[in-house]
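Throughout, protein chains are lettered first and strands after them, A, B, ... in sequence-line order, and every chain is numbered starting at 1. Just so it is clear, the structure is predicted and the values come from calculations on it, not from any experiment.
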There are 2 protein chains.
Amino acid sequence: MAAKQQARQTQKSAARAENERAILAAAEEVFAESGFRGATTGMIAERAGLPKANLHYYFPTKEALYRKVVEHIFTIWLDAANSFDENDDPVEALTAYISTKMDISRAHPMGSKVWANEILHKAPVIQDYLETTLRSWTSSRVAVIDRWVAEGRIAPVNGEYLLYMIWATTQHYADFNHQIDTLNGGAPLSDAQFEEAKQTVVRIVLAGIGAVPAAPGGEGSQA
Amino acid sequence: MAAKQQARQTQKSAARAENERAILAAAEEVFAESGFRGATTGMIAERAGLPKANLHYYFPTKEALYRKVVEHIFTIWLDAANSFDENDDPVEALTAYISTKMDISRAHPMGSKVWANEILHKAPVIQDYLETTLRSWTSSRVAVIDRWVAEGRIAPVNGEYLLYMIWATTQHYADFNHQIDTLNGGAPLSDAQFEEAKQTVVRIVLAGIGAVPAAPGGEGSQA
DNA sequence: AGAAAACCTGACCAAATGGTCAAATCGAGC
DNA sequence: GCTCGATTTGACCATTTGGTCAGGTTTTCT
C-alpha cells in the first residue's frame, strides 16, 4: 500500500495519466482525420470517453492539446531519423532508414497525417521545428550523401532531392493510405503486400543511385 | 455591338463567367490552405473581391463550390495521366509522365493540396472518382508496366508500388512545398533548382527499375 | 422607353463551437 | 468521519459561420 501510494505520488495520479493518454490518443486520430480546424473538442472528448469540460480541465485550449500531439509526433520522427546513422555504408544506412520510415507509416499513420496537415497549412505550429531541428538534421545528412558521392560509393545525386523522394514515398503509405486501400479493392495492404512495397521502395532507391551491396549483381536478377 | 451581344448570349454573360472564375480561383487557394472545414465562405468571397451573399448567388452552398474545385483538379490530373501513353518505350513514357506531374506540381500546387486534403480526410467528395476513373486508369497502366517487365525492358517491379512512388514524389513538391521552401532557406526553389529536382526524380526512377535509354551508359557517369 | 429577367448586397438568423464556471464528488491524510 | 485540495460535469455564454432574404440596381429584350 505504502509503496503504491509512493508510486502514485510521482507527480500525477494514475487516473490523471490515463486520462491524458486517452485524450492525446483521441486527439491524434481526430486531428489527423479532420485537421486542426475541422476537429472539435467535443469530438475528441467523446472519442476519449469523457465530457468536454473535463478535457478542458486537462488541456486548457484546443491549441495546447494540438501542440502536445504534434510534439509527440516529432519525437517519433526523431527516432526514425537516428536509423540513418546506424551504419556508414550507403546500402545499409538507406535500407535501415527507409525501412524504419515505412514501418512508422504503418504503425502511426495518424501521426504522419497530422504532420502532413501541418505542412499543408503552412506549419503554423511546427515552423520553429522545421527551421531548427529538421533543417540541421537535413543539412548534416546531405553532407553524408555528398561524401558518399565523392567517395564513389553512389552515383552523383542531389542529397536534398533524394531525401525528399524518400520522405514523400514512405509517408505516402500513411498519408494516402485511403487512396491505396481503395486501389487495393477497399482493403488495407496485407503484411505481405506492405513488405513487398517496402522492398520495392528500397530496391528502386538503391538501384536508382547506383548503390550496390558489395557484389555487383544488381542487374543479374533481370529476366 | 450586335456581335458582342451575340457572344455574351452564349450561355452566360461575361460578368458571370468572370465572377465564377474569380470565385473558383479564390476557393482553390483557400481550400488548399485551410481544408474544407477550415475554409470559410467569407474568406473565399473576400479573396475573390465580392460580398459573401454574392458568392452564394453563384454557388448555393460551400459544398457545391468545393465540388467544382475538386472536379477542376481532377481534369488537370487526367491531362497528366495521358502523358503516360504518348510513347510505349518505358524511358520515354515514364520521363514524360514524371515531367508532366512535376510541372503540374509547380504550376498548380493548390490543386494538388486540395486533392491531398481530400485523401487525408478519407475522400468524402471524390470517393467515386477513386473507385471508378482512378482505379481503372491505374490497373491498365499497371498492365503496361507488367508487360515491360515481361518483355525484359525493365527490371521486375510491382507496378502499383512504382506508380505510388511516382505520385508521392511528384506531388510532394506541391503538397509539402512549404517544408521544401523552409529547408531551402525560406525561398521557393528557383527554376534551375526545380529542374534539377525533376531530373533527379526521373533518373532515380529510371535507374531504379533498370530502364536504360538504348546505350547502356547508365553507370558510366559514376566517378 | 419600359417591362422582365438577371444580378447584387446589407442585414439578419439558426446552429455549431471553444471555452467558462459554480456546484458536486472524490480521495488522501489527520 | 472530517477537511481540503484535486477532479468532474451540466449548464451556460460569446463568437463564428453557412446560408437566407427583401429590396435595390443593372442588363437584356422588344
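Note: Met110(B) CE to Ile73(B) CD1 = 11.0 Å, rounded to the nearest 0.5 Å. If you take NZ on Lys62(A) and CG on Leu55(A), they are separated by 11.5 Å, rounding to the nearest 0.5 Å. Taking CD1 from Ile23(A) and CD from Glu28(A), the interatomic distance works out to 14.0 Å, rounded to the nearest 0.5 Å. We find the CG-CD1 distance between Asp181(B) and Ile119(A) to be 11.0 Å, quoted to the nearest 0.5 Å.
Taken residue by residue, residues 37-45 of chain A places heavy atoms nearer than 4.0 Å to DNA chain D at Arg37(A). The stretch residues 60-70 of chain B does not touch DNA chain C, since none of its heavy atoms comes less than 4.0 Å from the strand.
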*Between protein and nucleotides 8-13 of chain D, map the contacts as a letter string: B base, S sugar-phosphate only, - none, heavy atoms under 4.0 Å, written 5' to 3'.*
BBB---
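dA6(D) atom P lies 21 Å from atom CD of Glu18(A), rounded to whole Å. Atom CD1 in Ile23(B) sits about 12 Å away from atom P in dC7(C), given to the nearest Å.
Using a 4.0 Å cut-off between charged nitrogen and carboxylate oxygen, Arg16(A) and Glu20(A) count as a salt-bridge pair.
Listed by first and then second residue, the side-chain hydrogen bond (donor to acceptor under 3.5 Å, both in side chains) pairs that reach into residues 95-105 of chain A are Ser83(A)-Thr100(A), Tyr97(A)-Trp167(A), Lys101(A)-Gln171(A), Asp103(A)-Lys198(A), sequence neighbours excluded. Residue pairs meeting the side-chain hydrogen bond (donor to acceptor under 3.5 Å, both in side chains) criterion with at least one partner in residues 35-56 of chain A, sequence neighbours excluded, are Glu29(A)-Arg47(A). Here side-chain hydrogen bond (donor to acceptor under 3.5 Å, both in side chains) pairs that include residues 136-147 of chain A, with residues two or more places apart or in two chains, are Asp85(A)-Arg141(A), Asp88(A)-Arg147(A), Arg147(A)-Glu151(A).
The side chain of Arg16(A) places an N or O atom within less than 4.0 Å of a non-bridging phosphate oxygen (OP1 or OP2) of dT7(D).
In this structure, Arg106(A) forms a cation-pi arrangement with Phe194(A), its terminal cationic atom sitting closer than 6.0 Å to the ring centre and no more than 45° off the ring axis.
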*Would you please test Arg67(A) and Glu71(A) for salt bridge (Lys or Arg N to Asp or Glu O under 4.0 Å) and show each step?*
CA-CA 6 Å; Arg67(A) 284 197 118 85; Glu71(A) 283 169 15; 5.2 Å; no
